[in-house]
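Input: a single structure, listed below in structure tokens.
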Amino acid sequence: MKYYLTTPIYYVNAAPHIGHAYTTIAADTIKRLKRIQGYDVILTTGTDEHGQKIERAAAAAGKSPSEFTDLISGEFRRQWEILGLGVDRFQRTTSPNHAAMVQELFRRCLDAGYVYKGTYTGQYCVFDELYVNDAKPGDSCPECGRPTETITEENFYFKLSAFQDKLIELYEKHPEFIQPETRRNEVLGFIQRGLKDISISRTTIKWGIPVPGEDKHVFYVWFDALMAYMSAVEHDKQWPADLHLIGKEIVRFHAIYWPAFLIAAGWPLPKRIFAHGWLLFENDKMSKSRGNIVRATPIQRVLGTDALRYFLLREVVFGQDGSFSYDALIARYNADLANGLGNLAARTLAMINQYRGGVIPASDGDPQIAQAAKEITGFALDCFEKLDFSKALEAIFTLIAAVDKFIVEHAPWKLAKGGDAGVKELDDTLYTSAEALRLVTALLAPVMPDAAAKIWAQLGFSSTIDDIRAGDLHWGHLKRGQKLGPVEGVFPRAVAKESIDKMRELEAEEVTRQRALLGQPAEPAAPDAPASAAPALAPIREDVSQISIDDFAKVDLRVGIVKDAARVKGADKLLHLHVDIGEPEPRSIVAGIALAYKPEDLVGRKVVIVANLAPRKLRGLESQGMIVAASREGDVPVLAGFHEDVPIGAKLK
RNA sequence: GCCGGCGUAGCUCAGUGGUUAGAGCGACGGUCUCAUAAUCCGUAGGUCGUAGGUUCGACUCCUACCGCCGGCACCA
């Protein structure tokens, strides 16, 4: 039986961080779980390497696109090796086998009548490679705020509109197709509002896979990238995937576009898509602009890969957003791994060494613990199957607690001194502890392979944890007479401050190394740097065309004072302002700053506006100009202002 | 603005009509000594977001409101 699962292919515009590791660690864990169940498991990952953003990032690093993507793709591949993740195939979208598959998808869709050529005239954001519907010339991009360009281009379109009913039918027939349920509901809601055809080619980009017979065109990123799931296993015919593991931000592409493409091409559909949540840093979104992105390797180097794996899967409910913090990591590590699992192993193995010469005694074990073990095992396996890692782990650790209690109740150290009377009870107690330890170790092996391997060897097994199968997960499989291996602590207790300092130090080093790799200047700001520290800004566009002073003079920037401000009904982000710039009547201006500023805080504040911008209606209100604000990727805008007092109506030049 | 979710002990969360609302972590007190200053035992009193309502009875159902989150709309 085969089981094929995937992580997303990661976009190479940034170096790997803990978010990438999260997905890939989860995938590796699932792979190990499925192996225990006896499946031949294939896990694929890879890198998504096309598009203008990459062209640009490469240029910024002073490299050609292919040099640049080789470098970053290699960085991802190495990351998974360092973390010991069992990736079977690493698929790059720049490899020839992939291009052929994408072109094949295109031909099949074309032959089936789901692709047509059309013309698009309108606004386009070069940075995001995005067509901005309903935008006018001069408008800026809804995603990034950069100016859009007016383009007319011939494009290939995919008839997504033809798939509305087919997709709804798919979700109804296979409720597990998209999980968790909230994502499924969102997708359904989105589809029920109607699907539009999508453009699947671009003539504005060179760095991509060419459309067959249409040299000017390259494929749009999603038409290209999704196919990596098929090209990765092209040679051993593993398609369809049993599971696509993704982040919640790419649900729509996987749950809507992807099955539609496949149906159009007449290829089988993946069985299940599971979208996990985001990893936050101390409850804030991790983002470049905040400078609070955490990498996996510093954590690995201080506490070990297992600590990272355990933390991510135990602390965060899979499917929901979760928070990473160094304090929580250390707390989990010490409470669960050092005091719980590590200590149980240490005390159990030490007692067998001391009291029984390192040999597993003969016993059936305590019936109550055996029963508890049976129930907990069943429950945990059930949770694992549902990808509810946190609940599974919680359950497994209740068995550890039960055994700790059991040991105290029987006090083997007293039995050992009690002569012949205590021999049987001592044997039973030691066997029970060791067998429970064996079972717990086997259950935890998919999550903590390194520690499990160590304990496994200490229990005296010559087989490896990769040999563990479902049949081993039953009480009583530990054999009497088995000789323990050399014993050594698996999770030494961590001193919080020391460990955190060390992780932060390594984190800073890793940031510097990654930035050098990307051709960016060293950035001293630590992840916990105060807000005043300069955040890492996106590189300034290399290709912003230069303008003359006359061009600049066309822009009439004026200082004004906000007379009143009010929220715009029906819009989260909009404020309706009246700004006095020294004209007879204040200007009516609608600005997308409601998330950053309260209306009452703006009244009386001096702002800069573009006074000669063509008026435009927004939500029925006329906007006679635009407020100047600085914005960072993924962040709220910050209004421009002055340190000195400036009269109303003053012109900026 | 529309749709959905959430708001329970310091922290993370469980609990969906019925006796005194639970767990883990943290904190405090005690205990054993096999063990990683670990284990084990005990304690900690949280208006179950706010205000109404239904009911013999609500954390659990309904309504409104507040706050947070997500999706859509929106972002000049």
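Reminder, nothing fancy here: chain letters follow the sequence lines and each chain counts from 1.
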ask   = Taking the side chain of Ala338(A) as heavy atoms from C-beta outward, which of G70(B), U36(B), C72(B) is closest to it?
value = U36(B)
ask   = Looking at the side chain of Arg193(A), which of U36(B), C72(B), C25(B) is the nearest nucleotide?
value = C72(B)
note = When every non-hydrogen atom of Leu195(A) is compared with those of Leu160(A), the smallest separation belongs to CD1-O, 3.9 Å
inquiry  = Distance check, C1' atoms only: G29(B) and C66(B), in whole angstrom units.
reply    = 41 Å
ask   = Which of these nucleotides, A76(B), U36(B), C40(B), is closest to any side-chain atom of Met626(A)?
value = A76(B)
query = Looking only at atom P, what distance separates C48(B) and A37(B), rounded to whole Å?
reply = 41 Å
task = Specify whether Tyr257(A) and Phe253(A) have parallel, tilted or perpendicular ring planes, treating 30° as the upper limit for parallel and 60° as the lower limit for perpendicular.
result = perpendicular
key: C1' gap between C61(B) and U16(B), integer Å   = 9 Å
Do any N or O atoms of the protein come closer than 3.5 Å to N or O atoms of nucleotides 8-15 of chain B, and which pairs are they?
none

request  = Please work out if Asp404(A) contacts a base, only the sugar-phosphate, or nothing of the nucleic acid, heavy-atom cut-off 4.0 Å.
outcome  = sugar-phosphate
task = For U8(B) versus G24(B), give the span between their C1' atoms, rounded off to a whole number of Å.
result = 15 Å
task = Please give the nucleotide sitting opposite C68(B) as a Watson-Crick or G-U wobble pair, both distances under 3.5 Å, or none.
result = G5(B)
ask   = If you measure from the P atom in C62(B) to the same atom in G17(B), how many Å do you get, rounded?
value = 12 Å
inquiry  = Heavy atoms only, 4.0 Å cut-off, all strands: where does Ala331(A) land among base, sugar-phosphate and nothing?
reply    = nothing
request  = Determine the interplanar angle of the Phe324(A) and Tyr326(A) rings, folded into 0 to 90°, and report it as parallel if under 30°, tilted if 30 to 60°, perpendicular if over 60°.
outcome  = perpendicular
note = Ranking A38(B), G70(B), C72(B) by distance to the side chain of Arg183(A), first place goes to G70(B)
message = Taking only the C1' atom of each, what is the distance from A51(B) to G7(B) in whole angstrom?
response = 16 Å
message = Can you tell me if Arg493(A) touches the phosphate of A38(B), counting only side-chain N or O atoms and a distance under 4.0 Å to OP1 or OP2?
response = yes
task = Walk me through it: do Arg309(A) and Thr29(A) pass the test side chain to side chain donor-acceptor pair (under 3.5 Å)?
result = CA-CA 9 Å; Arg309(A) 296 172 66 110; Thr29(A) 301; 3.2 Å; yes
Span that lies between the C1' atom of A23(B) and that of A9(B), in whole angstrom = 11 Å
query = Side chain of Gln354(A): nearest nucleotide among G70(B), C40(B), A35(B)?
reply = A35(B)
key: Nearest heavy atoms of Ala434(A) and Ile352(A), plus distance in Å   = CB-CD1, 3.7 Å
remark   = From the candidates A35(B), C25(B), G71(B), the one with an atom nearest any side-chain atom of Glu186(A) is G71(B)
ask   = Counting side-chain heavy atoms from C-beta on, which of C34(B), U39(B), C72(B) comes nearest to Tyr355(A)?
value = C34(B)
message = Give me the atom names and distance for the closest heavy-atom approach of Ala380(A) to Ile396(A).
response = CB-CG1, 3.8 Å
query = Would you call the rings of Phe318(A) and Phe389(A) parallel, tilted or perpendicular, where under 30° means parallel and over 60° means perpendicular?
reply = perpendicular
query = Do Asp580(A) and Arg587(A) pass the salt bridge (Lys or Arg N to Asp or Glu O under 4.0 Å) test, and can you show the C-alpha distance, the side-chain angles, and the key distance before you say yes or no?
reply = CA-CA 6 Å; Asp580(A) 181 359; Arg587(A) 294 277 187 118; over 6 Å; no
request  = Please work out which residues in residues 405-418 of chain A have a non-hydrogen atom less than 4.0 Å from an atom of RNA chain B and list them by number.
outcome  = Lys405(A), Val408(A), Trp413(A)
ask   = Should Gln624(A) and Ser588(A) be marked as a side chain to side chain donor-acceptor pair (under 3.5 Å) after you check the CA-CA gap, both sets of side-chain angles, and the distance that decides it?
value = CA-CA 6 Å; Gln624(A) 305 156 331; Ser588(A) 163; 4.8 Å; no
key: Between A58(B) and G1(B) - C1' atom distance, rounded Å   = 32 Å
inquiry  = Check whether Phe190(A) forms a cation-pi arrangement with Arg252(A) (NZ or CZ under 6.0 Å from the six-membered ring centre, at most 45° off the ring normal).
reply    = yes
note = Taking G70(B), A35(B), C72(B) as options, the one with an atom nearest any side-chain atom of Arg252(A) is C72(B)
